[in-house]
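Read through the structure below, which is laid out as structure tokens, and then see the notes.
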Amino acid sequence: MSENASSADGQGTPTREAGGVRLRQVLSQLPAYVPGKPASAPAGVTPYKLSSNENPYGPLPSVLAAIGQGAAAVNRYPDMSVAALTERLSRFLDVDAECLAFGTGSVAVLSHIITAACDEGDEVVFAWRSFEAYPIATRLAGAVPVMVGLDEQQRHRLDAMAAAVTDRTRVVLVCTPNNPTGPCVHADELEAFLDRVPNDVVVVVDEAYVEFVRDGDAVRGLEVWRRHPNVVVLRTFSKAYGLAGLRVGYAVAHPPVAAALRQTATPFGVSSVAQLAAIASLDAYDELAERVAGIVAERDRVAQGLADQGWKLPASDANFVYFPLGTDSADFARACEEAGIMVRRYGDDGVRVTIGETEANSRLLEVAGAFGAR
Ligand SMILES: *Cc1c(COP(=O)(O)O)cnc(C)c1O
């Protein structure tokens, strides 16, 4: 046994017991990322997976064709510079190509941002509950999460978040609409927040669900980004575009920040298949937007149905609804799963249910009605 290993305090960490290899202490402190459960259901009942905020629709024929085209060339490395997708997206968003940086899902881009901005012990401020990847990415980068509780309506308390910024803060994450609770941040709230935050702190506006937003007062990330050199907008092809399985997301950042995100990215991370599918999806945006409108209509139907049953839930501008049920969360999740609906439970905080197929949404309304409004 090496001197180092034997000089441990005698307790050892689980990772070191597993073969004596020295791994980082932080690994034993990380919360696990909990993936949504796969669909399962009692016999005779169609199961629905409403646990991962996925798009219920499969790829459009044109996107499938692009995937096939990419598949035929997978003996080659992808274009590391993601040139064709960068060019296409730059036109689509009307932002300069040098302001775009990609990754294997926006989860990866989030890690690139924190890695680029934080040294050991630097702080990352975000609301809680929010996206469960935030504390993991922060800890893995050696940074320290500073989590600021949501308000009663499950919304960000941006005043408290501004007050939590210290001279160790390097990044603030603002999730709008907030996963898993649903409300969006309003443009005036974010503007007031940015006035208070030093402009050497990176403020990430995570817009994973932006295509589902209908609240006219909501933050428009790109507009904010244009006016603030420290703002980074995070977007993904996983949700509205229905490409969760291909792993492609991006940041819109000012050129020095975008360059840093390319430096910290895994080389050749975004596959050629993913790049081609993302381009085809932008080309088919109108068709995808119709599907998104259908999901939004279903979300509004579900929200209205639940309100009619007497539920008082946070407003959702995303493709899911959130039941802040506290200690009743486990019972509600079980009731859903017994009816063949897989949902995402967050301990004793609440349960998130993705808007899926019409029949799945109707079944959610039945289960919620039978459970009884809270
Ligand atoms: C789903 C999600 C993402 C990113 O997902 P990717 O599949 O990694 O692109 C990012 N932020 C939030 C808040 C999400 O819910």
Side-chain angles (χ1 to χ4, degrees), residues 31 33-36 49-56 59 82 85 89 100-115 124-138 140 145 147 150 154-156 171-185 203-213 218-219 221 232-253 261 265-266 269-271 273-275 277-278 281-282 288 292 295 299 314 316-322 343-344 346 350 352-356:
Y33 190 105
V34 182
K49 182 171 181 245
L50 305 183
S51 49
S52 297
N53 292 349
E54 293 152 339
N55 197 309
V82 197
L85 174 55
L89 187 60
L100 297 173
F102 292 85
T104 55
S106 54
V107 147
V109 185
L110 172 74
S111 290
H112 306 157
I113 294 169
I114 297 176
T115 305
V124 179
V125 174
F126 50 88
W128 199 251
R129 275 198 183 263
S130 190
F131 188 30
E132 63 186 318
Y134 295 165
I136 300 172
T138 301
L140 277 180
M147 295 147 95
L150 298 168
Q154 307 288 333
R155 305 183 78 246
H156 281 54
V171 181
V172 180
L173 306 172
V174 177
C175 188
T176 175
N178 188 48
N179 176 13
T181 64
C184 58
V185 171
V203 176
V204 176
V205 181
D206 185 344
E207 291 193 321
Y209 301 95
V210 66
E211 295 86 356
F212 302 101
V213 171
V219 162
V232 174
V233 174
L234 204 53
R235 299 238 181 127
T236 179
F237 284 94
S238 296
K239 309 283 164 55
Y241 288 85
L243 298 182
L246 283 179
R247 315 305 304 126
V248 50
Y250 61 93
V252 183
L261 302 186
T266 305
V270 183
S271 73
V273 177
Q275 294 184 32
S281 299
L282 293 170
L288 289 170
V292 168
I295 295 168
R299 172 191 76 205
S316 173
D317 253 299
N319 66 339
F320 53 82
V321 288
Y322 184 70
V343 299
R344 181 74 168 83
Y346 295 88
R352 186 193 69 192
V353 188
T354 306
I355 299 300

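Read the numbers this way: they start at 1 and go in the same order the structure lists the ligands and their atoms. We number each residue from 1, following the sequence as shown.
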Residues forming a salt bridge (charged side-chain N to carboxylate O under 4.0 Å, His left out) with E54, sequence neighbours excluded = K49

In this structure, atom 14 (C) of ligand 1 is nearest to the protein heavy atom K239 NZ, 3.1 Å

Atoms in ligand 1 flagged as close to G105, the criterion being non-hydrogen separation under 4.0 Å = 6 (P), 8 (O), 9 (O)

Residue pair T104 / T266, side-chain heavy-atom distance below 4.5 Å | no

Atoms of ligand 1 close to N179 [distance to a heavy atom under 4.0 angstrom, numbered from 1] | 13 (C), 14 (C), 15 (O)

Filtering Y209, F320, Y250 for the heavy atom nearest atom 15 (O) of ligand 1 leaves Y209

For ligand 1, which atoms have a heavy atom of S238 less than 4.0 angstrom away?
-> 6 (P), 7 (O), 9 (O)

Judging by distance only, is a nitrogen or oxygen of Y134 under 3.5 angstrom from one on ligand 1?
-> no

Is the shortest N/O to N/O distance between N53 and ligand 1 below 3.5 Å?
-> no

Contact region, D206 to ligand 1, non-hydrogen atoms below 4.0 Å, reads side chain

In ligand 1, which numbered atoms sit nearer than 4.0 Å to a non-hydrogen atom of A208?
-> 2 (C), 3 (C), 10 (C), 11 (N), 12 (C), 14 (C)

What do you reckon, are the aromatic ring centroids of Y209 and F320 less than 6.0 Å apart?
-> yes

